[in-house]
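We count residues from 1, following the sequence as given.
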Amino acid sequence: MSDPLPSQQLPAPSLGELFVLSLSALVNAPGAFARLAARPEPGKGSCLLIGLCWGAMFFALNLIYLAPLNSAVFAALSPWQAAGVISFGLGVWSALHMLAAGCLFGLGRTLGSEGSFAHALLIAAFVCAAAPVLALCNWCAPAWFAPALLAGWVAACGLSAR
């Protein structure tokens, strides 16, 4: 009788654990991806939801920055219009998340990786964690390149993980 594989013994990471790992990937991307290496891949929906959470934080931080500067514009919006704008923004964010995952999947295949599209979605979700850092750069504009370098480092570590 054969022993089960280690990945079959461990459960897939929960949504909360993925959120914490995506946050820790900003500081220790190789360690975050190493913790996921022996576990089954999370579902595509979980990865999309993590990316959407980071997108919502990105939009909220930008709103906090822009609201005092454009108070007349925000006062003119009805609640329904604001909900429509928010929904549209998060829909575009989700589409860009899927596009980034497709690009990462193609890049990984080009570089010889055997990772699945779910892994590319996970990498894209972890890269999305750098978006709130980018929104914080509104207060310090010369630092715009730091989140871009951080996102590239997280993507490179994710591509080399599988």
Side-chain angles (χ1 to χ4, degrees), residues 12-29 32-33 35-36 40-110 115-159 161-162:
S14 67
L15 196 60
E17 187 178 0
L18 283 176
F19 189 78
V20 170
L21 282 173
S22 67
L23 184 61
S24 69
L26 295 177
V27 180
N28 183 12
F33 287 108
R35 286 189 58 193
L36 291 170
E41 290 181 346
K44 293 178 179 110
S46 297
C47 296
L48 283 172
L49 192 58
I50 294 297
L52 195 61
C53 288
W54 287 118
M57 284 185 208
F58 172 74
F59 288 132
L61 287 171
N62 280 322
L63 184 65
I64 290 169
Y65 177 74
L66 292 174
L69 301 174
N70 301 313
S71 59
V73 172
F74 289 108
L77 287 176
S78 70
W80 293 106
Q81 289 171 328
V85 169
I86 291 168
S87 298
F88 179 75
L90 290 176
V92 169
W93 182 270
S94 297
L96 290 174
H97 183 203
M98 291 291 289
L99 180 65
C103 290
L104 287 168
F105 180 69
L107 181 63
R109 288 295 171 140
T110 302
S116 66
F117 186 72
H119 183 68
L121 272 174
L122 181 68
I123 296 170
F126 280 24
V127 167
C128 286
V133 179
L134 180 63
L136 290 174
C137 286
N138 286 330
W139 285 280
C140 181
W144 66 267
F145 64 91
L149 292 175
L150 185 62
W153 175 64
V154 171
C157 290
L159 287 173
R162 287 210 184 206

With rounding to the nearest 0.5 angstrom, report the [atom1] to [atom2] distance, [X] to [Y].
{"X": "S22", "Y": "I50", "atom1": "OG", "atom2": "CD1", "value": "5.5 Å"}
{"X": "L96", "Y": "C103", "atom1": "CG", "atom2": "SG", "value": "10.0 Å"}
{"X": "L159", "Y": "F33", "atom1": "CG", "atom2": "CZ", "value": "8.0 Å"}
{"X": "M98", "Y": "F105", "atom1": "CE", "atom2": "CZ", "value": "11.5 Å"}
{"X": "L49", "Y": "W54", "atom1": "CG", "atom2": "CH2", "value": "12.5 Å"}
{"X": "L63", "Y": "F58", "atom1": "CG", "atom2": "CZ", "value": "12.0 Å"}

Set of residues satisfying side chain to side chain contact (heavy atoms under 4.5 Å, CB included) with respect to S24, sequence neighbours excluded:
L21, A32

With sequence neighbours excluded, residues passing side chain to side chain contact (heavy atoms under 4.5 Å, CB included) with W153:
A29, P30, L150, C157

Under 3.5 Å, which donor-acceptor pairs link side chains of residues 127-143 to any protein atom two or more places apart or in another chain?
{"unit_1": "N138", "atom_1": "ND2", "unit_2": "N62", "atom_2": "OD1", "d": "2.6"}
{"unit_1": "N138", "atom_1": "ND2", "unit_2": "A135", "atom_2": "O", "d": "3.1"}

Looking at [X] and [Y], what are the two nearest heavy atoms and their distance?
{"X": "A25", "Y": "V154", "result": "O-CG2, 3.5 Å"}
{"X": "Q81", "Y": "A76", "result": "OE1-O, 3.9 Å"}
{"X": "L121", "Y": "H97", "result": "O-NE2, 3.5 Å"}
{"X": "I64", "Y": "P68", "result": "O-CD, 3.3 Å"}

Is the backbone N or O of [Y] less than 3.5 Å from a side-chain atom of [X], with the two atoms forming a donor-acceptor pair by type?
{"X": "S94", "Y": "L90", "value": "yes"}
{"X": "R109", "Y": "G115", "value": "yes"}
{"X": "H119", "Y": "G158", "value": "yes"}
{"X": "W93", "Y": "F88", "value": "no"}
{"X": "S46", "Y": "P42", "value": "no"}

Run the numbers on F126 and L36 for side-chain contact (heavy atoms from CB on, under 4.5 Å), then give the verdict.
CA-CA 12 Å; F126 280 24; L36 291 170; 3.7 Å; yes

